[in-house]
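Report on one structure; see the data block that follows.
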Amino acid sequence: MPPKTFKAMVVRQTEDKGFVISLTDKSIDELPPGDVLIRVKYSSLNYKDALSASGNRGVTKNYPHTPGIDAAGVVEESISNDFRPGDEVIVTGYDLGMNTSGGFAQYIRVPADWVVKRPKNLSLREGMCYGTAGFTAALSVLKLIEHNITPEQGKILVTGATGGVGSIAISILSKAGFEVIAASGKKERKQYLLELGAEEVLDREEARDVSGKPLLKPRWAGVIDTVGGDILAAAIKSTKYGGVITCCGNVASPELHTTVFPFILRGVTLIGIDSANCPMPLRMRIWEKLADEWKLDHLDRLVTEISLDELDKYIEYILQGKQTGRVVVNLQEG
Ligand SMILES: NC(=O)c1ccc[n+]([C@@H]2O[C@H](COP(=O)([O-])OP(=O)(O)OC[C@H]3O[C@@H](n4cnc5c(N)ncnc54)[C@H](OP(=O)(O)O)[C@@H]3O)[C@@H](O)[C@H]2O)c1
């Protein structure tokens with residue numbers, strides 16, 4: 001039997017202080033209807049959670065709200081034949097933490113078709129060390145490989161390198177044998193990026209281009225861009241003939257100013273990445289890769305583990321672009 005109440009982070013809109021975060025006891029009855037009630041053991045912090053926690057209506061329309069687009073835990077109740085009490089499961093994306101009460105709480109209730117059984121070789125905690133950021137990194141790498149980018153073709157640029165998606169993308173690419181060039185705004189994190197497997201670290205400004213030229217010197221066989229804006233535009237102009245660029249984020253800017261020339265003169269391909277509604281067969285394939293072929297030995301090196309009451313501080317860091325690596329939230333206490 002689940003307890004009557006559980007701990008949850010709640011974001012409220014106030015008249016005088018804007019959006020305010022607090023820790024509250026919530027009751028199971030307050031959760032939305034759904035097939036599977038899950039006792040959350042771990043969650044993780046993603047950039048989208050920080051947007052939800054700070055009142056971004058593009059992510060969350062109604063407040064009070066509990067963010068958290070990731071959750072890993074144990075099924076407590078299920079009306080679905082696919083899941084039984086005691087099953088260890090992972091939920092990432094869909095509407096979790098956006099307009100459905102999310103993983104920054106000890107319980108969630110969700111539709112069964114959002115739920116993935118924990119892969120055999122991945123603990124619940126490891127699942128959240130990856131979380132949506134790691135999943136997105138793996139999806140981006142898979143797209144490069146599926147578009148025939150191989151290590152022999154040359155260097156892969158990863159932008160927003162010290163972030164959650166960037167850190168894991170560098171690690172997976174390096175494990176898969178690619179030569180990775182990291183672009184980062186954090187000079188002091190060069191050693192961290194080299195330890196993850198980057199061969200070289202570029203200053204973020206070197207990866208930007210405001211020259212207005214339609215094409216730049218071809219440098220990259222592939223690009224995993226997590227930031228958008230001028231940096232993505234420069235990456236497209238600097239991609240070699242037949243190269244592939246994936247695009248998943250907008251921390252620099254949602255805008256993209258480019259011409260058609262990289263596409264029609266160099267045959268480059270720009271691929272959009274969406275993890276939230278990734279179809280279930282591909283979703284399961286990605287989790288299996290993270291648990292097996294691409295499982296990282298150094299996961300702990302890129303993870304900070306925190307409790308629910310430390311989240312507000314880390315939300316501030318991630319909004320300011322200061323976070324390095326991944327933040328895992330342990331919900332097992334209290
Ligand atoms: N499409 C999807 O399914 C999907 C899934 C996950 C994430 N995302 C998006 O991908 C992006 C990255 O997510 P994340 O979880 O990795 O976030 P994160 O941990 O906050 O990392 C973002 C990184 O981008 C760099 N950065 C921050 N502000 C910047 C700016 N103004 N200009 C240029 N670079 C800046 C920083 O790295 P450096 O200091 O090293 O440069 C920062 O660590 C976000 O926009 C997120 O919403 C999309």
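All ligand and atom numbering here is 1-based and tracks the order in the structure. Computed from a predicted structure; not experimentally measured.
Here the protein heavy atom with the shortest distance to atom 7 (C) of ligand 1 is Val165 CG2, 3.8 Å. Residue, atom and distance of the protein heavy atom nearest to atom 21 (O) of ligand 1 are Gly163 CA, 3.1 Å. For atom 10 (O) of ligand 1, the closest non-hydrogen atom of the protein is Gly249 CA, 3.5 Å. Among protein heavy atoms, atom 19 (O) of ligand 1 sits closest to Gly164 N, 2.9 Å. Among protein heavy atoms, atom 11 (C) of ligand 1 sits closest to Thr226 O, 3.2 Å. In terms of protein heavy atoms, atom 15 (O) of ligand 1 is closest to Tyr47 N, 3.9 Å. Nearest protein heavy-atom contact of atom 8 (N) of ligand 1 is Cys248 O, 3.6 Å. Residue, atom and distance of the protein heavy atom nearest to atom 26 (N) of ligand 1 are Arg204 NH2, 3.4 Å.
Heavy-atom neighbours of Phe261 CZ from other residues, nucleotides or ligands within 6.0 Å: at or below the threshold of 12. Heavy-atom neighbours of Asn81 CG from other residues, nucleotides or ligands within 6.0 Å: at or below the threshold of 12.
Remark: ligand 1 atoms within the under-4.0 Å shell around heavy atoms of Asn250 are 45 (O). Heavy-atom proximity to Thr162, at under 4.0 Å, picks out these atoms of ligand 1: 37 (O), 38 (P), 39 (O), 40 (O), 43 (O). Of all atoms in ligand 1, listed by their number and element, those nearer than 4.0 Å to a heavy atom of Gly160 are 23 (C), 24 (O), 25 (C), 37 (O), 40 (O), 41 (O). Each of the atoms 43 (O) of ligand 1 lies under 4.0 Å from some heavy atom of Gln323. Atoms of ligand 1 found under 4.0 Å from any heavy atom of Gly185 (numbered from 1 in listed order, with element): 38 (P), 39 (O), 40 (O), 41 (O). Contact atoms of ligand 1 toward Thr132: 5 (C), 6 (C) (distance under 4.0 Å to a heavy atom of the residue). Within ligand 1, counting atoms from 1 as listed, the ones closer than 4.0 Å to a heavy atom of Lys186 are 36 (C), 37 (O), 38 (P), 39 (O), 42 (C), 43 (O). Contact atoms of ligand 1 toward Asp274: 3 (O) (distance under 4.0 Å to a heavy atom of the residue).
Among Val251, Asp230, Asn277, Thr92, the residue whose heavy atom lies closest to atom 28 (N) of ligand 1 is Val251. The option with the heavy atom closest to atom 5 (C) of ligand 1, from among Ile273, Thr136, Leu193, is Thr136.
Listed for the His65 side chain is a donor-acceptor partner under 3.5 Å among the backbone atoms of Gly97.
No side-chain N or O of Asp70 forms a donor-acceptor pair with one of Thr92 less than 3.5 Å apart. A donor atom on one side chain and an acceptor atom on the other are not found under 3.5 Å apart for Ser184 and Lys190. Side-chain contact of Thr66 with Lys26: a donor-acceptor pair under 3.5 Å is present, judged by distance alone. Inspection of the Arg219 and Ser238 side chains reveals no N or O donor paired with an N or O acceptor under 3.5 Å. Between the side chains of Glu76 and Tyr107, a donor-acceptor pair is found at a separation under 3.5 Å. For the 3.5 Å distance criterion, the side chains of Tyr47 and Gln323 fail to qualify, holding no donor opposite an acceptor.
Heavy atoms only, all atoms of each residue included: Glu255 and Ser253 are closest at N-OG, 2.9 Å.
Remark: aromatic rings of Tyr130 and Phe135 are distant, center separation not under 6.0 Å.
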